[in-house]
Amino acid sequence: MAATVQAPRGMRDFLPGEKLRRELVLRSIRESFSSYGYQEIETPAVEELSRLESGEGGDNEKLIFKILRRGLDPELAVAPVAAADLGLRFDLTLPLARFYASHRGELPEVFRALQIAPVWRAERPQRGRYRQFHQCDIDVVGEPGAVAEVELIAATLDALEALGVGGVTARLNDRGVLSAILDACGFAPGARSEVLVTLDKLDKLGMDGVSAELAERELPKGPSERLVEVLAGLEASEGDFDATFAALPGRAAEQAERLVAIRDGVLEAKPGADLVADAALVRGQGYYTGSIFELRHPDFPGSIGGGGRYDGMVGRFLGTEVPACGLSIGFERVVELVDASRYRPEVRKVALVYGPEVPPGRLVAWQRRLIGVGAQVRLVPRRRNLVHQLEALGTEGFGEWAELDGSTRAPAGAGAAGLDLRDLR
RNA sequence: GUGGCCGUAGCUCAGUUGGUUAGAGCGCCAGGUUGUGGUCCUGGAAGUCGGGGGUUCGAGUCCCCUCGGCCACCCCA
């Protein structure tokens with residue numbers, strides 16, 4: 001039923017079983033990234049609103065949860081824009097850039113950061129889309145070369161494979177390629193963002209759909225027609241890098257050289273990685289300056305991760321330019337893809353079922369005794385129907401149980417001696 | 001942010017064209033039967049019908065608002 005008291009929209013409570021699953025996935029991801037030398041950091045959930053609203057967060061900026069200024073006189077009339085000065089972060093990239101600017105002197109020249117933390121977006125919830133969700137984000141700050149991209153992609157694919165999530169495709173593109181394509185078609189710089197929004201829907205709308213939407217947006221005909229021609233060439237190349245690059249107009253092909261380096265690098269480091277060139281890939285964030293990527297899995301519509309290079313952002317906080325590149329995976333989307341068979345922690349779980357007549361001290365004494373020999377022990381009051389109760393304990397992962405009643409004596413001897421421990425199931 | 005579908009006991013659901021104290025199964029509790037604490041029998045606790053207004057003599061059933069879930073769009077992890 002719909003409970004009268006619920007968690008806020010799009011945000012969830014996690015029952016013990018689900019919490020455990022998330023914890024196990026989290027542990028695995030953390031280990032994978034640590035092995036690549038990434039160091040975990042933590043930043044506040046909140047950042048200054050002015051920084052979040054830099055104008056480079058794309059549509060996400062419309063989804064910011066804003067926090068009212070403290071100490072505002074409730075009687076005082078204040079314009080909404082002035083009423084808030086902080087906001088909940090909508091991703092982990094901006095907080096990282098700020099973090100780096102704050103602590104540069106204490107960090108290595110090339111800093112590899114790992115962040116696993118919640119972010120918030122005021123969207124309409126749906127399956128796999130929440131208002132509070134976790135991102136697992138790795139970033140390389142201070143490395144201008146393709147090593148960053150190659151490592152980020154390899155590390156992330158490895159992290160997913162360690163969870164049994166294989167079959168992930170990494171789609172690659174580059175902001176420079178996109179700009180060059182639009183220039184070659186003859187679009188005015190002011191029309192770019194609008195064209196990009198439409199272009200990004202190529203895989204969803206198809207050629208005709210994109211063509212129709214360009215017309216709908218009343219974008220100039222000549223450039224639009226040239227763009228559709230380019231797209232036809234791209235579509236025919238089906239993600240193959242060489243074919244894609246051959247289909248690029250004007251200076252776009254030379255812009256794509258960085259992508260070739262990334263592709264070659266990943267394939268040398270991790271043969272068999274599924275990489276696809278997608279010159280129509282845009283991605284929302286405005287702060288990307290070079291490569292952009294998106295991770296997809298056949299069992300989930302949309303992406304399970306994404307990232308790219310944002311060389312300009314740290315410089316905005318620090319004054320000096322510092323190249324940076326990051327990739328994050330959507331934690332709850334990945335958790336959904338992890339097979340249930342992986343959620344079996346190897347622990348000896350024992351249930352001590354007791355009647356009301358057993359003295360509390362005796363119960364805990366037995367509990368401690370079994371904990372002492374390495375078990376995880378839970379005291380559970382006996383229900384009327386033991387059979388159903390044991391069944392429930394079994395599905396919860398308990399492997400052994402014992403009943404304690406009035407005749408149960410205090411522990412004596414060693415280990416479970418004196419207790420009638422029985423296997424469950 | 002726009003549009004659509006949905007919301008009845010702990011769980012799964014029934015509730016007829018609006019009409020008496022809102023039902024079932026499972027689970028839970030109590031008692032009894034019983035070679036097993038299983039089965040079976042009897043009884044019981046438990047529902048603000050998501051919430052709030054309205055229409056009506058009367059609404060779980062109609063209307064409006066609202067909260068939440070799901071779907072499409074938008075966008076994204």
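Below, chains carry the letters A, B, ... as their sequence lines are ordered, and counting in each starts from 1. Values below: every heavy atom of this structure, side chains too, minus hydrogens, waters and symmetry copies.
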Would you mind listing every salt bridge (charged side-chain N to carboxylate O under 4.0 Å, His left out) that reaches into residues 85-94 of chain A, with sequence neighbours excluded? A:R70-A:D85
Nucleotide-resolved protein contact map, nucleotides 30-39 of chain B, B/S/- at heavy-atom distance under 4.0 Å: BB-----BSS
Which label fits A:F241 and A:F245: parallel for a plane angle under 30°, tilted from 30 to 60°, or perpendicular past 60°? perpendicular
Describe, in one word, how the ring planes of A:H134 and A:F331 are oriented to each other, choosing from parallel (under 30°), tilted (30 to 60°) and perpendicular (over 60°). perpendicular
Can you check whether A:E151 reaches A:V140 side chain to side chain, under 4.5 Å on heavy atoms? yes
Select from A:S328 and A:Q389 the residue whose nearest nucleotide in RNA chain B is closer to the 5' end of that strand. A:Q389
Sorted by chain and residue number, the side chain to side chain donor-acceptor pair (under 3.5 Å) partners of A:D299 (sequence neighbours excluded) come out as none
Strictly below 4.0 Å, N to O, side chains only: are A:E400 and A:K349 in salt-bridge contact? no
Pick base, sugar-phosphate or nothing for A:F331, based on heavy-atom distances below 4.0 Å to the nucleic acid. nothing
Once you apply the 3.5 Å cut-off to both distances, tell me the Watson-Crick or G-U wobble partner of B:G23, or none. B:C13
Considering only nitrogen or oxygen atoms on both sides, find all protein atoms under 3.5 Å from nucleotides 74-76 of chain B and state each distance.
from	atom 1	to	atom 2	distance (Å)
B:C74	OP1	A:K201	NZ	3.3
B:C74	N3	A:R129	NH1	3.4
B:C74	N4	A:R129	NH1	2.9
B:C74	N4	A:R129	NH2	3.1
B:C75	OP2	A:K201	NZ	3.4
B:C75	O2	A:E123	OE2	3.2
B:C75	O2	A:R129	NH2	2.2
B:C75	N3	A:R129	NH2	2.6
B:C76	OP1	A:G284	N	2.9
B:C76	O3'	A:R121	NH1	3.1
B:C76	O2'	A:R121	NH1	2.4
B:C76	O2	A:R333	NH1	3.4
B:C76	O2	A:R333	NH2	3.0

Can you list everything that forms a side chain to side chain donor-acceptor pair (under 3.5 Å) with A:R12? Sequence neighbours excluded, please. A:Y130
Are any protein N/O atoms closer than 3.5 Å to N/O atoms in nucleotides 43-46 of chain B? If there are, list each pair with its distance.
none

Check whether more than 12 heavy atoms from other residues, nucleotides or ligands sit under 6.0 Å from atom CD of A:E218, and answer yes or no. no
